[in-house]
Structures are given as C-alpha cells and as structure tokens.
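Notes follow the structure.
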Protein chains: 4
Amino acid sequence: MATKDDSNRNNKKQLKLNSMFDAAYELFVTKGVNETAIDDIVKKAGVAKGTFYLYFKDKYDITDQIVLGESTLILKEAMHATMKEGIDNFIDATIFFIDHVIEHFKNNKKQLKLMYKNLSWGLYRKAIADPNNYTEMRELAELVFNNIEGSGVKREELDKTMFMVIELTGSVAYSSIILEEPAPIDEMKPILFKTIRKMLG
Amino acid sequence: MATKDDSNRNNKKQLKLNSMFDAAYELFVTKGVNETAIDDIVKKAGVAKGTFYLYFKDKYDITDQIVLGESTLILKEAMHATMKEGIDNFIDATIFFIDHVIEHFKNNKKQLKLMYKNLSWGLYRKAIADPNNYTEMRELAELVFNNIEGSGVKREELDKTMFMVIELTGSVAYSSIILEEPAPIDEMKPILFKTIRKMLG
Amino acid sequence: MATKDDSNRNNKKQLKLNSMFDAAYELFVTKGVNETAIDDIVKKAGVAKGTFYLYFKDKYDITDQIVLGESTLILKEAMHATMKEGIDNFIDATIFFIDHVIEHFKNNKKQLKLMYKNLSWGLYRKAIADPNNYTEMRELAELVFNNIEGSGVKREELDKTMFMVIELTGSVAYSSIILEEPAPIDEMKPILFKTIRKMLG
Amino acid sequence: MATKDDSNRNNKKQLKLNSMFDAAYELFVTKGVNETAIDDIVKKAGVAKGTFYLYFKDKYDITDQIVLGESTLILKEAMHATMKEGIDNFIDATIFFIDHVIEHFKNNKKQLKLMYKNLSWGLYRKAIADPNNYTEMRELAELVFNNIEGSGVKREELDKTMFMVIELTGSVAYSSIILEEPAPIDEMKPILFKTIRKMLG
DNA sequence: GATGAATGAGTCTTCATTCAT
DNA sequence: GATGAATGAAGACTCATTCAT
C-alpha cells in the first residue's frame, strides 16, 4: 500500500520535475535550445544541478520530452476539435485538422519555432514504439481519419501522400508564420489548402 | 595599374582563402558544422588562426558562403541541363530540373545534409539583394522557366505554388535520401512527381 | 537472549552487507576501484544509497575490508596447502607457499590487480592490532614456518629478509602476470625462486 | 632565420611551460596527483586554464612528463657519480649506484612518493621508443655497467635478475623511507645490499 | 534500520576571439 | 597582411554525502 509519506514524496518529486519542464520550456521558447544552458534551467527551476541529471540524460533528453509532450497535446486537441465538428469527408476533415493546428501556431509562434527545429520523425517513431504510450492518440486518429473513402488517392499511396501533406504543411507554416516568407500565413493558407485538396483529390 | 607584386599578393590571398573554403567544406560535410571548430579548419587549411578572422566574421559566415556557393553551383548545373534538354513545357521542365537536383543529392548525401540544415531563404534573399551577383542565375532562370503558359496555376499564385513545390521537394528529398523515411527516394519520386504535376496542373 | 526476531533482523542485515560486498568486489575487479561509484555498488547490490553509509564510512572503507578479507583467504589457503605438504625445510616450505599464491593469482589476474593496488602494510598492521582477529592466521603461520633452522639467515635479520622476499615476490608477480614484463610469470618463476633461495640460504 | 621576435616569443612560451611544470610538481609533491585539480595548477602557475590544454592533453600527460623528466635527472646524476667513482667491479658499481639513488630519495621523500606511484615500466618503454631521446642515457648506462664480468649471474638471466634488483630496491626504498616499514631505511640498507650481492653474486 | 531524492561543490574540457609581434 | 600563443568565460557532467520520511 502506498503510504501518505510516499505520496508526499512523490508529489514533491513531481513538483521538481514540473518546475524543470516549465523552466526549460520557457527558456527554450525565448532563447532557443542551443542558447539555453543547463545552468539556466536549474536556476530558473530552483533546483540543484544534480537534480537535473537525476531526471534527464542531458539537454536533448528534456528537449525531446518537451517537444514530444507539447506536440502530442496539440495534435490531440486538434483531433478532438475535428471529431466534434463531425465532418464525414476525409479531405474536409484533414483540412479542418490542419487549419486547427496552423491557427494554434499562429498564436504560438515561439512554440512553433521550438517544435519545428526539434521534432523529428525519429522521435515519433521511438515514442510510438512504446505500446503503453500513445494508445489514446492512435484511437483518436482512427476515429477521425478512418473514413479513407473520401480520398481519391490510391490506398497504397495514401501514406506517402499524407507524409507529403504533413511535410508541406510544416514547411509552409513555419516559413510563413515565422518568416512571413513568401507571404504571411493568411495569404498562404488558401493556396496551401487548394494544393492539399489537389494532392488528396 | 596593378603591379606584378599586387597580383602575386592577391594570388596568395586567394590561395589561403581557397584552402580555408576547402578545409571547411570537407570538415562540415564529414563531421557537421557544429562539430567543426575553427581550429580544425585552420589546421586543415594550413593557415594561422588569426587569418581566419581576417576573412570571415565567424564560423557561420564561412558556412553561409560555402552553402550559398555550392547551392548556386548545383542550381546552375541543373538549369543548364534542363535548357539543353529543350523541353518546351513548363511542368515537364520543372520536373526534369527537380529530378536533376535530386539525382545530384542522391550521390552527395553528406552535402545534402549540410545544405538542408544551413540553407535558408533569408540567406538567398540577402545574396540576391546584391545586383552584381546572381545576374547570371536570374538570366538562366528566365531562359529555362519563362514559358509560363505550361502551368494551369494562375499567374498571381504561381510564385507561392512554386515556393511550395520547392519546399516539398526539399523536405521529401532530405527525408527519403537521408533517413529513408517514409520510403527510399526512388519509391518516393513517382509520387512526388505526380503530386507536383497536380500542384502545377 | 536473542529472539527469533533478532536473528531474522540480523540475517537481513547480513544479507544486505553481503550483497554490497559482492557487488563492490565484482565492480572493483572489473572496472577498478576508482572507476566504481558508490552508486554503482548500491544499484548492483539492490540496496539504497543510504544503506551503504550505514555500514561503511566511504568507498575506501569497503575497499579495505574486501582486500583484507580476500587476502586473508588466499594466505590461509596457501598455508593449509603448505602444511598438508609436510615439508620440513623452511626454505622449501616458503617456496612452496609462494608458488601456491602465484598460481592462485595466475588464475585470478583481475584480483591480483585489485590486491596489489590496494593492499598496504598499514592495512595489515591495523588489522593485526585487533587481537580477536587473526589468531587463527597467526597460529597457522607458526605451524607452517616455525622451523627456522632451515634458513641460513641470522635470526635478527630474518624478519627483514622475509619482508624483502614478500615485496620482491609481489612486484615480480604483478609485473610478470599483469604486464608480462620483463617476461611472462612462468619464465620468471625459476629465476625468482633461485633468487629467493639465495636470499634465504 | 630565427628573428629576435621569434626568440622572444619562444622565451615567453617556455616561461609559461616551466611555470606550469613547476606549479604542478610542487602541488603533486605536496598534495598528491589525485588531489590536485588542473585549476590548482593554472592558478599557481599564473596562466589561464586554456593554456594548460595548449600544452598538455590532461593531468596525466603532465604527470608523465614530470615523472619521466625527474627520474631521468636522478638516474643520470647517479650514473655520473658512479662513473666518477671509477669502480671496476659490476656489483660494487651497482651497489654504489643504488645507494646514490636511495640517498637522493632519503632527502626527497615527497618526490619518492610521487615517483613510486606514477612511474611505470610502460612509461619508460614509450619514452625509450623515441630514439632521439635517451641516447645520452643509454650511452651512460653502457659506460657505467658494461663490465658484465663482475656478476656471477648467467648472461641470459642477468636482465631478469637486474629487473628484480630494481623492483626490490624500489619496494624496499619506498616502504622503509616513507612508512619506515619494516624498519627505517638505514637499518634496511645493509640487509638490502647484502641481498643484492647475493642476487648478483 | 532503511530509503532514495536532493544537493552543489568540484572538475574537466572546449573554443571563439584577441592582440602583440 | 599573417601569425599563433594566450585567454577565460562558458558549459557539461559527476558523485560523495546528507537527511527527511
């Protein structure tokens, strides 16, 4: 049985962990990952340096965890919104989903920067490999996008096409939101969506 | 009038410069930019450390120059090849051009890595701003791609669409050549090209 | 009277202690003392870090205890073997004894390394100071080597000479077994024994 | 041609180097190698930390150089003294030589500690491998000890026996000078020398 | 007795940049 | 212009030890 002592201790533990996550996130987003020293993180979090190494292998460990966690949140949120919308067409649902994510990043430019520079497919592959994790996400994805019929793309090409859709969206979102290049995101969106429709149509 | 001494001096200067460029390129490509110290560069180039700072502001200065120079070379080459092909249809020409670049990087994976991580639109913007520079490139581009009629995209949307084509190509090339994700480049190419045709059609 | 609870507790205590000894010995022998952190020991032993400090002052405390314990075992064993041999000549007995120890270390190179680097006369002095301890060993030594007549060395010089014999044996064994320097132990042995005979003769 | 500038610079370089050697030696001898941080060395030497790494790979690099350098000095000195003595008998010369070294260490206990803990045959092997180095030493050794006839040891066993003599001397010197164990060096010497005579006789 | 989270001083190492020559 | 010795701030990481529970 878990005693009151144990739970107290675990609470404290979680508190420390959270304060490190928060501090790191804040710093990564404002100064960038490379410009953030572990010293900065622990000072901001109010813990000792050793504590950091108690929980993380190095800076890239905490970076990965943060990026993965945040991106999961964003994706889940977008899926929930898409589901709630009750769109029964695959392409429309995809566009709605993408729009939702883009809108999120329009309001979180710094976060976008962090995600874009530090999120890799490899990271996702590793995360998904753990079956305990990500069951909810997989279930969600199935619910939202299972209606494959809506796409004109052949089944065997759909995965690769979806990969391209995602990569394209990422590139365009990053470039237009962060650099306003070649145009601000709101000018890019219609063309992006038109393109995506063509890709999936 | 330039004296013989002057030209000797200039030759020597150019020699030093070149040896630094060569050394840096070699190191960047093998070890990566971040893992290369300026010390490594000057040692390999056979010049003194101070000499580096005579010619470059810092490591990112020389990185930019190298990346820009190499990418210009690659693009020019691809344009020449496309021109020589004498394709009179815009989409076909674009596809041929892209294929040429992809093939180049298939044989130069390490270079692709370097370019992808260090080439930014900002860099190009700065470079193109100098009118002396890049006249040849602009002329080439005009010769190769001036036949806009071939595209079904509206004139006012063409720039943005081309931007997307380039971004998509970059993403897919990098991912499939370097990481073989989601599939090796040769499996991705047909779908990529089909997609580009849709985008421009 | 010792209750059953007491003995249970003592058993548990002894178990923890043993697992720490075993873990430390294993690690010292494979990685070396300096390269072994207390963290390694407790993890391997399956006890908490605090527990270590309940039983040992620091790493050198457990090192000393291990080294002393192991060396005592080895010496006792060699004495028993020598006794069993029933050699009635002091020099022959000594040589037999030394040979036994050398053979042991030939088969336990890593242990030899640990012992040689961490066994000091000071350690022995401290241990022997406790009269409770080492009575068995003293008795054994007397039984085995009491027949002093066999040596040509003057009584008052014998202790010092024996000290030299031991030091020489240690040096030579370590060097020739671990480093094969200046020659492998089997080449060194005849000369070592001839030398020892000269020293004691 | 070396300019005045060059030599000035080299002088300064040598000055820094020497101050590091001196500082390190002083600290190693007083606090021990393990207890000396590189920080201590550079602070004492009055140079920047980077300067240390300009000249040495790590602490063990400078340790090796110091130990090797000092030991070479001591040996050369002892050889010169032995030569000057004009002893024509191998054993007598050896004893004289060893006595000289022991006397040196009697007056430099801390140095003995440093040497004993950090001098290894491996170190010597590496140093002697460089032919430029150590020619003087080899020549000296030949001059001093070439008269092999004085020894009763068979030629093929002499090397190994000399190795033992050296190891024994080292062990006894260290133990009796530093720990006065089993007796002070002056009590040990006659017996040590008698033993060495037996070994070589 | 036992635990293990937390500590933070200590240590090594790198490297961009300067500047006297 | 060229050199390269010197710098020292900056950063990563370790680990013996403590102590509240």
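Fair warning: this is a prediction, and the values are worked out from it, not measured in the lab. Convention: sequence-line order gives letters A, B, ...; per-chain numbering from 1.
- Residue order along DNA chain F, read from the 5' end via each residue's closest nucleotide, puts A:Ile38 first among C:Asp39 and A:Ile38.
- At most 12 non-hydrogen atoms from other residues, nucleotides or ligands lie less than 6.0 angstrom from NZ of B:Lys117.
- If you check E:dT21 for Watson-Crick or wobble pairing at under 3.5 angstrom, you find it paired to F:dA2.
- Among the nucleotides E:dT3, F:dC13, E:dA16, the one closest to any side-chain atom of B:Ala37 is E:dA16.
- In this structure, F:dT14 forms a base pair with E:dA9, meeting either the Watson-Crick or the G-U wobble geometry with both donor-acceptor distances under 3.5 Å.
- Taking atom OH on D:Tyr53 and atom C1' on F:dA9, their separation rounds to 15 Å, with Å as the unit.
- Regarding D:Phe56, its CZ atom lies at a distance of 18 Å from the C1' atom of E:dT14, rounded to whole Å.
- Contact between the side-chain N/O atoms of B:Lys16 and the OP1/OP2 oxygens of F:dT3 is found at a separation under 4.0 Å.
- Across the protein-nucleic acid pair, D:Lys43 atom NZ and E:dG10 atom P stand 10 Å apart, rounded to whole Å.
- Across all strands shown, D:Tyr55 has heavy atoms under 4.0 Å from sugar-phosphate atoms exclusively, and none from any base.
- Protein atom CG of D:Leu17 is 13 Å distant from nucleotide atom C1' of F:dA6, rounded to whole Å.
- Taking for each of C:Lys49 and B:Glu35 the nucleotide of DNA chain E with the nearest heavy atom, the 5'-most of the two is the partner of C:Lys49.
- In this structure, A:Thr51 does not reach the E:dA6 phosphate: none of its side-chain N or O atoms is under 4.0 Å from OP1 or OP2.
- Looking only at side-chain heavy atoms (C-beta outward), B:Asn108 and B:Leu112 stay at 4.5 Å or farther from each other.
- Proximity of the aromatic rings of C:Phe56 and C:Phe21 is defined here by a centroid distance below 6.0 angstrom, and this criterion is met.
- Side chain of C:Lys59, nearest nucleotide from E:dT13, F:dA16, F:dC13: F:dA16.
- What separates CZ of B:Phe52 from P of E:dC19 is a distance of 18 Å, to the nearest Å.
- If you measure from atom CD1 of B:Ile62 to atom C1' of E:dA16, you get 14 Å, rounded to the nearest angstrom.
- For the pair B:Lys31 and B:Asp40, the salt-bridge criterion is met [side-chain N within less than 4.0 Å of a carboxylate O].
- Backbone-only contact: D:Val47 has heavy atoms under 4.0 Å from sugar-phosphate atoms and none from a base.
- Atom CD of D:Gln14 is separated from atom P of F:dA5 by 12 Å (rounded to the nearest Å).
- Of the residues near DNA chain E, A:Gly46 and D:Asn34, the one whose nearest nucleotide (by heavy atom distance) lies more toward the 5' end is A:Gly46.
- Of the two residues near DNA chain F, B:Ala48 and D:Gly50, the one whose nearest nucleotide lies more 5' is B:Ala48.
- Across the protein-nucleic acid pair, D:Asp40 atom CG and E:dA9 atom P stand 17 Å apart, rounded to whole Å.
- Comparing E:dT17, F:dA5, E:dC12 by their nearest atom to the side chain of D:Lys13 picks out F:dA5.
- Remark: side-chain polar atoms of C:Lys59 are paired, donor with acceptor, to backbone N or O of C:Val33 under 3.5 angstrom.
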